Asker: 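Take this structure first; my questions come after.
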There are 2 protein chains.
Amino acid sequence: MGIQERKEREKEHRREEILNAAQKVFFEKGLQASTMDEIAEAAELSKGTLYLYFKSKEDLYLAVMTRGMELLQDLFDKAISEADSPLDQIRKVGQAYRTFFNEHRNFFRMFNFFQHPQFHKQVSEDMMAICQSRNQEIWDKVIGIIKRGIDQGFLRNDLDPAECAIMLWSNSYGLMVRMDTQLEYFRENFGVDLEKLIDKSNELLLQSMMTEGVREKMALSNTLNNEQRS
Amino acid sequence: MGIQERKEREKEHRREEILNAAQKVFFEKGLQASTMDEIAEAAELSKGTLYLYFKSKEDLYLAVMTRGMELLQDLFDKAISEADSPLDQIRKVGQAYRTFFNEHRNFFRMFNFFQHPQFHKQVSEDMMAICQSRNQEIWDKVIGIIKRGIDQGFLRNDLDPAECAIMLWSNSYGLMVRMDTQLEYFRENFGVDLEKLIDKSNELLLQSMMTEGVREKMALSNTLNNEQRS
DNA sequence: TAAGTAAATGACTCGTGGTCAGTAGATACG
DNA sequence: CGTATCTACTGACCACGAGTCATTTACTTA
């Protein structure tokens with residue numbers, strides 16, 4: 001009998017609907033200012049029902065966040081599959097991260113919020129484990145492409161892939177946080193375009209990771225490109 | 001008559017006592033989990049009194065945070081005055097930031113929390129302005145030493161001081177956030193020592209900002225140092 | 001000593017996260 | 001078809017914490 005299966009589907013569907021409502025409310029107001037009543041209202045359910053599907057407001061928040069992690073993973077996969085060399089993969093994944101930041105700012109902020117140790121205490125272990133494993137998947141993916149870059153001679157073989165991945169990621173991340181809250185401030189006070197700066201500093205780091213030969217070839221083709229343009 | 005003055009002093013003193021109590025509680029539990037009753041208890045005052053001195057829990061939180069900003073400024077001033085060249089100043093200020101992170105982690109987390117746009121809405125404009133201006137002071141200081149580094153020929157003169165400052169700062173910051181929540185994770189899963197990585201990646205960036213001549217001189221003296229050691 | 005003033009109090013309100021006894025509607029059974 | 005069971009759902013309710021304000025206390029001044 002398919003009744004069991006149908007019920008499972010319906011339950012999953014209901015869960016998704018709650019997530020949709022929660023996402024909408026959280027995106028508008030953030031964790032603190034959103035209320036469970038409001039989310040229940042948006043989901044056209046009673047508050048009690050929310051607690052049948054999620055252990056707490058924080059857990060619900062993280063469940064929404066995992067959607068963002070999936071999204072980021074998809075963007076990365078797409079970037080990796082579209083690139084033609086390990087170096088190109090690294091650049092395109094970096095670009096994908098910046099796209100994610102620009103077009104899914106609310107998810108970026110959720111990731112950011114998730115970093116706070118104090119927040120972790122309010123979250124169930126189950127949900128924490130889910131986030132951990134998704135996180136691990138993303139890091140493995142990023143480290144993987146760096147490793148290929150080293151193995152195929154594009155990046156210096158005295159470097160550690162994980163270290164490189166963390167450096168590049170954190171470098172972008174640090175600037176994005178700045179951008180998110182102080183983009184105007186830096187433009188007005190110091191005439192700095194943070195958007196371009198992310199590109200620049202990421203490229204700076206990447207180049208210092210390249211092997212001598214690759215860097216020279218890069219420089220040469222850049223020169224050619226510039227000459228063609230002018 | 002000095003009564004007026006004495007009252008002012010007493011009021012200031014009371015304010016400091018409240019800040020002491022708040023700092024203790026906030027450090028232990030974070031913003032969310034700390035209650036105003038608890039802080040009042042720690043300050044040996046009633047809750048109502050707290051609201052005579054601070055507009056809201058969030059304002060009180062930020063008032064504690066400004067102490068951290070003062071502390072960071074002092075560390076920077078000390079680092080700048082103790083260094084003997086602009087390049088040394090940049091390195092020592094970077095080191096001071098890392099010291100701040102390690103020894104005043106709770107303040108670092110407060111700064112971090114402050115970054116959230118959602119949090120800003122819950123704060124009074126007065127307090128926001130105070131934080132802004134302190135922030136500006138710190139950035140001016142950091143940009144100032146980079147500018148001296150460029151003017152005196154240590155750093156490439158095609159670079160913008162503000163851009164360099166932001167790059168270096170954000171680079172450290174990004175890694176510190178990672179360190180704060182995932183130090184063990186990265187050590188266990190990828191064998192990466194984030195502490196050392198901050199040094200490494202900061203030095204990497206700094207070197208790519210140096211003029212050719214200075215970099216070569218640096219490389220030479222490093223070689224000599226290494227030879228002396230072995 | 002009494003009036004006046006500033007500081008401090010704590011009982012109160014109101015909003016919100018989370019609970020749980022009860023309801024309704026579907027399903028299984030006689 | 002009627003009844004028992006089960007399951008998702010409900011919303012009144014509780015606990016607790018931020019913020020308020022009428023009242024009290026302590027000090028100053030005349």
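Because only heavy atoms are used, hydrogens play no part in the values below, and waters and symmetry mates are left out as well, while side chains stay in. Note on naming: letters A, B, ... go to the chains in the order of the sequence lines (proteins, then strands), and numbering restarts at 1 for each one. These figures come from a predicted structure and were not determined experimentally.
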Asker: Quick one: salt bridge (charged side-chain N to carboxylate O under 4.0 Å, His left out) pairs with a partner in residues 105-129 of chain A, sequence neighbours left out?
Answerer: A:Lys55-A:Asp126, A:Arg105-A:Asp180, A:Arg109-A:Asp180
Asker: Extract all donor-acceptor atom pairs below 3.5 Å that involve side chains of residues 39-48 of chain A and protein atoms in other chains or at least two apart in sequence.
Answerer:
unit_1: A:Ser46; atom_1: OG; unit_2: A:Thr49; atom_2: OG1; d: 3.2

Asker: Rounded off to whole Å, could you give me the CZ-to-C1' distance for the A:Phe54 and C:dT19 pair?
Answerer: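 Value for this atom pair: 18 Å.
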Asker: May I ask you to check if A:Arg178 and B:Tyr173 form a cation-pi contact, with NZ or CZ under 6.0 angstrom from the six-membered ring centre and within 45° of the axis?
Answerer: yes
Asker: How far apart are the closest heavy atoms of A:Phe100 and A:Gly68, and which atoms are they?
Answerer: CE1-O, 3.6 Å
Asker: Listed by chain and number, what are the side-chain hydrogen bond (donor to acceptor under 3.5 Å, both in side chains) partners of A:Gln132, not counting sequence neighbours?
Answerer: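 Scan of A:Gln132 (side-chain hydrogen bond (donor to acceptor under 3.5 Å, both in side chains), adjacent residues dropped) gives none.
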Asker: Protein within reach of the bases, or only the backbone? For nucleotides 6-18 of chain C, mark each nucleotide 5' to 3' as B, S or -, using heavy atoms under 4.0 Å.
Answerer: -SBBB-----SBB
Asker: Taking side chain to side chain contact (heavy atoms under 4.5 Å, CB included) as the test, write out the residues that go with B:Arg15, two or more places apart.
Answerer: B:Glu12, B:Leu19, B:Tyr53, B:Phe54, B:Ala63
Asker: Hey, are A:Glu38 and A:Lys29 close enough for a salt bridge, meaning a charged N less than 4.0 Å from a carboxylate O?
Answerer: yes
Asker: How would you list, by chain and number, every residue that makes a salt bridge (charged side-chain N to carboxylate O under 4.0 Å, His left out) with B:Lys200, sequence neighbours excluded?
Answerer: A:Glu163
Asker: Check DNA chain D for consecutive Watson-Crick or G-U pairs with both distances under 3.5 Å and list the runs of at least three as stems.
Answerer: C:1-30 with D:1-30
Asker: With sequence neighbours excluded, tell me which residues meet salt bridge (charged side-chain N to carboxylate O under 4.0 Å, His left out) with B:Glu17.
Answerer: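 Partners of B:Glu17 under the salt bridge (charged side-chain N to carboxylate O under 4.0 Å, His left out) test: B:Arg14.
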Asker: Go through residues 115-128 of chain B and report each residue with a non-hydrogen atom lying under 4.0 Å from DNA chain C, sorted by number.
Answerer: none
Asker: Holding to salt bridge (charged side-chain N to carboxylate O under 4.0 Å, His left out), I want the full list of residues that pass it with B:Glu103, two or more places apart in sequence or in another chain.
Answerer: none
Asker: Counting the benzene-type ring for Trp, do A:Phe119 and A:Phe113 have ring centres under 6.0 Å apart?
Answerer: yes
Asker: Whole angstroms only, please: what is the CD-P distance between A:Glu41 and D:dG11?
Answerer: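 These atoms are roughly 11 Å apart.
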Asker: B:Leu60 has an atom CG; how far is it from atom P of D:dG17, in whole Å?
Answerer: 16 Å
Asker: Sequence neighbours excluded, which residues qualify as salt bridge (charged side-chain N to carboxylate O under 4.0 Å, His left out) partners of B:Lys24?
Answerer: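 Salt bridge (charged side-chain N to carboxylate O under 4.0 Å, His left out) list for B:Lys24, sorted by chain: empty.
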Asker: Among residues 15-30 of chain A, which contact DNA chain D at a heavy-atom distance under 4.0 Å?
Answerer: none
Asker: State whether A:Arg98 and A:Glu195 are salt-bridged, where the test is any N-O pair (Lys NZ or Arg NE/NH1/NH2 against Asp/Glu carboxylate O) under 4.0 Å.
Answerer: no
